[in-house]
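All chains are named by letter (A, B, ...) in the order of the sequence lines, taking the proteins before the strands, and each is independently numbered beginning at 1.
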Amino acid sequence: MTTVQHSLKIYNTLSGKKEAFNPITPGYVGMYVCGPTVYSDVHLGNCRTFCSFDMIYRYLLHLGYKVRYVRNITDVGHLTDDGVDRMAKGARVAQLEPMEVAQRYTVGFHDMMGILNTLPPSIEPRATGHIPEQIEMVQEILNNGLAYERNGSVYFDVPKFAAKQPGVYGSVSGRILDDLYAETRELKSQEEKNHPADFAIWMKARPQDIMVWNSPWSVGFPGWHLECSAMSTKYLGKTFDIHGGGNDLKFPHHENEVAQNHGACGCHPANYWLHTNMLLLNGKKMSKSDGNTITPTELFTGTSEHTSKAYSPMAVRFFMLMAHYRSTLDITDEALMAAEKGFLKMMETNRLLQAISVNAKDFDGSETETDRAILALVQDAYDGMNDDFNTAIAIASLNEIGSYVHKLTNKQMDAAEVSPWVIERIKTVFQAFLFDIFGLKDESTSGADSQTVEGLMRLILDIRGQARAQKDFATSDKIRDALTEVGITVKDGKEGVTWSK
RNA sequence: GGUUUCCUGGCCGAGCGGUUAGGCACAGGUCUGCAAAACCUGCUACAGCGGUUCGAAUCCGCUGGAAACCUCCA
């Protein structure tokens with residue numbers, strides 16, 4: 001297994017610093033990302049997180065790593081504020097079987113991930129498919145004396161764990177133990193717990209709970225955070241390389257996950273913890289519960305009150321890539337429009353670039369000043385990615401390279417200034433960055449009827465060319481105007497006429 | 001209330017002590033039958049006030065504003 005030589009640095013939530021990335025087994029990476037809870041349609045915030053990790057996954061692959069990417073589907077176990085299992089609650093409303101609800105939204109989730117062109121994870125385990133593993137883990141934690149049973153439920157003993165392994169609890173969310181203890185003092189419904197900071201790892205079912213399983217302690221269901229501990233351990237081992245998720249999962253989800261893993265095996269689950277930042281709408285976090293949200297579908301169809309028009313999935317993906325994954329990103333119509341334009345231009349640039357034909361025989365190994373400038377920009381792009389996946393830097397560098405591409409194709413600079421081998425290099429780099437790493441698609445050339453359109457356009461532009469040759473501008477402008485109306489731009493360049501949508 | 005983060009030009013958004021980020025918008029120019037596109041040029045900002053430093057958007061303090069977490073949430 002050989003990897004591309006690199007100096008990848010990753011911001012680790014545990015240390016609060018960027019660290020050199022060194023996987024446990026050279027050449028291999030184990031990565032676990034907290035997946036969606038499938039009780040309603042995915043919202044855009046989820047999409048940003050999964051797009052971010054998709055980019056991270058893709059870049060690791062690009063560097064030559066063999067990556068096992070595990071992303072779970074949560075179809076059980078999270079409680080709502082009224083104490084009813086979320087899946088069960090959804091089911092009751094829709095009069096459906098809980099698993100039917102889960103299935104429907106799982107399919108919807110996969111569809112959306114496909115639309116956004118994310119790669120499927122290597123393994124996508126479901127919480128309901130791993131009940132025995134979770135029960136086993138509860139037992140291990142009990143055996144290690146870090147949990148206690150109370151009326152059929154099992155609770156993790158936070159103070160005991162904190163005393164046994166100082167400095168661990170609170171390390172993910174950056175919290176001070178005393179603060180955590182103080183904060184939880186106000187919560188209600190804690191009668192069974194020894195301490196308010198304790199959390200359930202097995203819950204005894206009440207009559208209204210529908211999704212329940214047998215266990216040594218009661219008929220019930222696993223605790224809120226247990227699935228990720230159990231499934232990451234099962235598929236990636238007790239300690240693996242990267243654990244990711246949204247910023248809002250740091251506490252309590254990830255904090256408790258770490259505690260559970262320690263409680264079961266005495267070791268830390270992941271070396272690098274990555275957290276993506278929130279997508280903002282109207283300057284506030286998008287959230288299903290308070291209605292400050294825009295669905296991906298609304299965005300793609302332009303039916304949201306928050307946008308003036310429809311934005312394509314790839315324009316949205318590009319919009320996300322223009323910001324760093326650890327920064328909040330505010331959705332505004334203006335920003336989306338800017339991103340869309342930037343995306344379309346980038347795609348056009350790449351089409352022009354790939355169409356440049358160079359003669360490999362021209363390669364004489366020499367290097368012009370422009371060559372060096374372009375190669376430095378390529379290096380900038382990689383340096384950006386290696387610096388905690390800074391896609392904004394990479395895009396900026398590609399934009400600058402793109403300007404050379406346009407100058408070349410428009411004869412605005414001497415073709416001799418760029419060596420053929422450098423052209424070949426940036427052809428490869430553009431393909432790699434745009435499609436392999438950023439996960440973009442050229443939407444203008446996709447579609448089954450693109451060949452038909454191509455043929456028609458050739459005919460139309462040919463007729464227009466004849467009109468122009470005869471200085472019949474009335475006809476040529478009529479054709480151009482008509483095409484403009486259906487969204488096709490005609491460009492009369494020095495090298496002939498081109499068009500784009 | 002506690003903890004943490006953020007505040008960059010018209011807008012979005014990089015930046016992690018010294019160098020033009022980049023995109024979009026806008027203005028002027030080149031090219032063009034006219035456009036469009038592209039290219040060139042311009043717009044040169046870092047919430048405010050102090051401090052550290054030869055030098056700060058970048059480090060420290062205070063003030064102001066916003067957000068996140070503390071409760072299910074990517």
For the rings on H254(A) and W273(A), is their centre-to-centre separation under 6.0 Å? yes
Over all strands shown, is M278(A) touching base, sugar-phosphate only, or nothing at heavy-atom distances under 4.0 angstrom? base
Classify every nucleotide of nucleotides 11-22 of chain B by which part a protein heavy atom approaches to under 4.0 Å, writing B for the base, S for the sugar-phosphate alone and - for neither, in 5'-to-3' order. SSSSSB----BB
Taking only residues two or more places apart in sequence, or in another chain, which ones meet R326(A) in a salt bridge (charged side-chain N to carboxylate O under 4.0 Å, His left out)? D388(A)
Just jot down the salt bridge (charged side-chain N to carboxylate O under 4.0 Å, His left out) partners of D371(A), sequence neighbours excluded, or say none. none
For the residue pair L280(A) and M286(A), what are the closest heavy atoms and their distance? C-CG, 4.2 Å
Are R351(A) and E348(A) close enough, and set up right, to give a salt bridge (Lys or Arg N to Asp or Glu O under 4.0 Å), and what steps lead you there? CA-CA 5 Å; R351(A) 259 177 264 131; E348(A) 173 70 5; 2.6 Å; yes
Has N410(A) got a side-chain N or O lying under 4.0 Å from the OP1 or OP2 atom of A38(B)? no
Does C6(B) have OP1 or OP2 sitting under 4.0 Å from an N or O in the side chain of K285(A)? no
So what does M286(A) touch, heavy atoms closer than 4.0 Å: a base, only the sugar-phosphate, or nothing? base
Do any pairs count as a salt bridge (charged side-chain N to carboxylate O under 4.0 Å, His left out) and have a residue in residues 468-478 of chain A, sequence neighbours left out, and if so which ones? R468(A)-D492(A), D477(A)-R480(A)
Please list, chain by chain and in numerical order, all residues satisfying side chain to side chain contact (heavy atoms under 4.5 Å, CB included) with T297(A), sequence neighbours excluded. M112(A), T295(A), T301(A)
Taking atom P in both C16(B) and U3(B), compute the distance separating them and give it to the nearest angstrom. 29 Å
Residues forming a ring-ring contact (aromatic ring centres under 6.0 Å, His included) with Y404(A), sequence neighbours excluded: none
So salt bridge (charged side-chain N to carboxylate O under 4.0 Å, His left out) across residues 241-253 of chain A, not counting sequence neighbours, yields D248(A)-K285(A)
Once side chain to side chain contact (heavy atoms under 4.5 Å, CB included) is applied, do any residues pair with L274(A), and if so which ones, sequence neighbours excluded? I10(A), F53(A), I56(A), I242(A), Y272(A), Y325(A), F389(A)
Please pick, from A74(B), C70(B), A67(B), the nucleotide with the shortest atom-to-atom distance to any side-chain atom of K284(A). A67(B)
Lys NZ or Arg CZ of K309(A) over Y311(A) ring: under 6.0 Å, within 45°: yes
Residues from residues 120-127 of chain A sitting under 4.0 Å of RNA chain B, heavy atoms only? none
Determine the contact category for G283(A): base if any of its heavy atoms lies under 4.0 Å from a base atom, sugar-phosphate if only primed atoms, P, OP1 or OP2 are that close, otherwise nothing. sugar-phosphate
Go ahead and write out RNA chain B as dot-bracket, 5' to 3': ( ) for pairs within the strand, [ ] for ones crossing earlier pairs, | when the partner sits on another strand, dots for unpaired; Watson-Crick or G-U wobble, both distances under 3.5 Å. ((((((((.[[[..)..(...]]].(((((.......)))))....[[[[[..)....]]]]])))))))....
Quick one: which residue pairs count as a salt bridge (charged side-chain N to carboxylate O under 4.0 Å, His left out) with a foot in residues 40-56 of chain A, not counting sequence neighbours? D54(A)-R58(A), D54(A)-R317(A)
Side-chain donor/acceptor of S122(A) to backbone N/O of Y69(A), under 3.5 Å: yes
A25(B), OP1 or OP2 - any side-chain N/O from K341(A) closer than 4.0 Å? yes
Counting primed atoms, P, OP1 and OP2 as sugar-phosphate and everything else as base, the B/S/- map of nucleotides 27-35 of chain B against protein heavy atoms under 4.0 Å is ----S-BBB
So what does G45(A) touch, heavy atoms closer than 4.0 Å: a base, only the sugar-phosphate, or nothing? base
